[in-house]
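Every number for a ligand or one of its atoms is a count from 1 in the order of the listing. Hydrogens, waters and symmetry mates are skipped; everything else that's a heavy atom, side chains included, is used.
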Amino acid sequence: MAMIIDGKRISQEIKDELKEKVTQLKAEGKKVSLAVILVGDNPASQTYVKNKKRACEYVGIESLSYELPGETTQEELLELVGKLNADPAVGGILVQLPLPKQIDEDAVIRAIAPEKDVDGFHPMSVGALSIGQPGFVSCTPAGIIQLLKRSQIEMDGKECVIVGRSNIVGKPMALLMLRENATVTVTHSHTKDLREVCKRADILIVAIGRAKMVDASYVKEGAVVIDVGMDRDENGKLCGDVDFASVEPVASAITPVPGGVGPMTIAMLMYNTVYGVPRE
Ligand code: NAP
């Protein structure tokens, strides 16, 4: 039977550590703040923003909320980002994605000052990660590293296969696993014999957005399986990219959906906001 990697518990542990750190910072007269910008009324985005604000409140971070109408122009949004960049009272800036069609997301991400880029999406942050320099790391992959470390799962020298090569999950995940000295293979929709490649993995990380696609036939006996997917099954129930019932008996450890990777993303956003650009 596989160990269930409990993202809810681990994310709570991180938020509690951060809460203590914020109390300490406040005692030193330092304030921690996050500006959250939401454009339009996408219900999923509204829920994400609400959860982020709730986490800020728990940890003791001041959240500054900017809710803009769906018809906001790119110029208006860029002007707001510029103001927040220049405001020393604003620590981190988060622009909830996706943005309405009339706005170029890349231009907005590039406009955020790299030292306030708590989502880690700015090309400067991504570049710093790829050459091993300090910078913000994208929250979901950073959360997966914490899940593995805090579950005492060794990464050094292990075969890690990542399914998916998106800019927010697959690619930064590969760079982080390299940093942990894993041997990394990144796969995608053009990969030949995906099953066989996945079966080589000691650690299999799946981020594709296809409900329950990865079953036991993709998994080596005793592998650690991390499921990033947030999909809906045939009954509309939240599920992952991994078929949990099929894989759990084969894996040595596995993340459930919900309650695995999902809660870690917000915890790491809080981490980035509290600690700022890592200096080590
Ligand atoms: P994405 O941008 O759509 O990228 C999907 C990746 O999977 C692409 O690289 C694609 O390959 C690859 N892929 C798709 N179908 C495939 C197949 N049949 N075989 C092999 N590779 C395949 O998705 P994403 O933003 O990375 O998100 C992936 C999943 O993670 C989604 O379910 C999303 O909801 C979830 N997610 C969860 C969190 C969280 O906090 N838990 C955060 C982010 C994302 P190509 O590049 O060749 O097209």
Side-chain angles (χ1 to χ4, degrees), residues 5-12 14-15 42-45 47-52 54-55 94-99 105-106 109 118-121 126 129 136-148 160-177 184-201 204-215 217-219 225-234 236-244 247 254-272:
I5 301 176
D6 186 350
K8 247 176 119 170
R9 180 186 61 72
I10 296 174
S11 66
Q12 186 60 46
I14 291 173
K15 282 188 284 183
N42 176 330
S45 294
T47 305
Y48 289 136
V49 163
K50 196 173 80 197
N51 291 340
K52 287 170 187 175
R54 193 181 295 154
L94 178 140
V95 180
Q96 183 64 45
L97 302 179
L99 289 168
E105 278 184 6
D106 287 338
I109 291 169
V118 285
D119 253 340
F121 295 162
V126 179
L129 175 63
F136 285 112
V137 176
S138 170
C139 301
T140 302
I144 292 170
I145 296 290
Q146 286 302 312
L147 281 180
L148 293 168
C160 174
V161 175
I162 298 164
V163 193
R165 56 174 165 180
S166 69
N167 290 338
I168 60 166
V169 188
K171 284 181 196 151
M173 192 70 244
L175 292 166
L176 287 176
M177 290 305 284
V184 181
T185 304
V186 182
T187 67
H188 45 77
S189 68
H190 295 247
T191 299
K192 294 207 165 49
D193 299 327
L194 183 64
R195 253 192 199 84
E196 291 316 306
V197 179
C198 289
K199 275 201 130 161
R200 296 207 301 256
L204 178 63
I205 302 175
V206 189
I208 47 182
R210 301 263 183 277
K212 299 186 185 178
M213 190 186 106
V214 170
D215 63 17
S217 68
Y218 289 74
V219 180
V225 179
I226 304 292
D227 186 357
V228 187
M230 290 223 285
D231 314 308
R232 296 276 162 191
D233 69 9
E234 57 285 2
K237 220 177 123 207
L238 185 64
C239 72
D241 292 340
V242 173
D243 183 344
F244 186 90
V247 171
I254 185 168
T255 56
V257 177
V261 174
M264 295 301 291
T265 301
I266 290 187
M268 297 316 288
L269 173 69
M270 299 298 109
Y271 180 94
N272 282 349

In Å and rounded to the nearest 0.5 Å, what is the [atom1] to [atom2] distance from [X] to [Y]?
X      : Y      : atom1 : atom2 : result
Arg195 : Asp215 : CZ    : CG    : 6.0 Å
Lys171 : Ser138 : NZ    : OG    : 12.0 Å
Ile168 : Asp119 : CD1   : CG    : 8.5 Å
Lys52  : Leu94  : NZ    : CG    : 4.5 Å
Thr140 : Ile266 : OG1   : CD1   : 9.5 Å
Cys139 : Met270 : SG    : CE    : 8.5 Å

Below 4.0 Å, non-hydrogen atoms only: which portion of [X] touches ligand 1? Side chain, backbone, both or neither.
X      : answer
Ile208 : both
Ile168 : side chain
Leu194 : side chain

[X]: heavy atom below 4.0 Å from ligand 1, yes or no?
X      : result
Asp231 : yes
Met213 : yes
Thr140 : yes

Tell me which protein heavy atom sits closest to [atom], plus the residue, atom name and distance to 0.1 Å.
atom                    : result
atom 39 (C) of ligand 1 : Thr265 OG1, 3.7 Å
atom 36 (N) of ligand 1 : Val228 O, 3.6 Å
atom 43 (C) of ligand 1 : Val169 CG2, 3.7 Å
atom 10 (C) of ligand 1 : Ser189 N, 4.4 Å

Once side chain to side chain contact (heavy atoms under 4.5 Å, CB included) is applied, do any residues pair with Asp231, and if so which ones, sequence neighbours excluded?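 In terms of side chain to side chain contact (heavy atoms under 4.5 Å, CB included), with neighbours along the sequence ignored, Asp231 is linked to Ala211, Cys239, Asp241.
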For ligand 1, which is the ligand I care about here, please tell me if Gly170 has any N or O atom under 3.5 Å from one of the ligand's N or O atoms.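 No, no N or O pair falls under 3.5 Å.
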Taking distance alone, with no angle check, do His190 and ligand 1 share an N/O pair under 3.5 Å?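 No; every N/O pair is 3.5 Å or more apart.
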Under the side-chain contact (heavy atoms from CB on, under 4.5 Å) test against Val228, which residue among Val206, Ile205, Ile162 passes?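 By the side-chain contact (heavy atoms from CB on, under 4.5 Å) criterion, Val228 pairs with just one of Val206, Ile205, Ile162: Ile205.
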Selected option - heavy-atom contact closest to [atom], from [options]:
atom                    : options                        : value
atom 29 (C) of ligand 1 : Ser138, Pro141, Gly209, Gly240 : Gly209
atom 8 (C) of ligand 1  : Arg165, Arg232, Met173, Met230 : Arg165
atom 2 (O) of ligand 1  : Ser166, Pro263, Gly262         : Ser166

Taking it one step at a time, do Val261 and Ile144 satisfy side-chain contact (heavy atoms from CB on, under 4.5 Å)? CA-CA 6 Å; Val261 174; Ile144 292 170; 4.0 Å; yes
Under 4.0 Å from a heavy atom of Arg210: give me the atoms of ligand 1 that qualify, with their elements.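 By the 4.0 Å cutoff, the relevant atoms are 14 (C), 15 (N).
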Gly229 heavy atoms, cut-off 4.0 Å: which ligand 1 atoms fall inside?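 Answer, ordered by atom number: 29 (C), 30 (O), 32 (O), 35 (C).
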Among all the protein's heavy atoms, is there at least one whose distance to atom 41 (N) of ligand 1 comes out below 4.0 Å?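 There is a protein heavy atom less than 4.0 Å from atom 41 (N) of ligand 1.
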For atom 45 (P) of ligand 1, is there a protein heavy atom at a distance under 4.0 Å?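 Under the 4.0 Å cut-off, atom 45 (P) of ligand 1 does have protein heavy-atom neighbours.
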With distance as the sole test, does [X] use its side chain to make a donor-acceptor pair with the main-chain N or O of [Y] at under 3.5 Å?
X      : Y      : answer
Asn272 : Val137 : yes
Thr191 : Leu194 : no
Thr255 : Ile5   : no

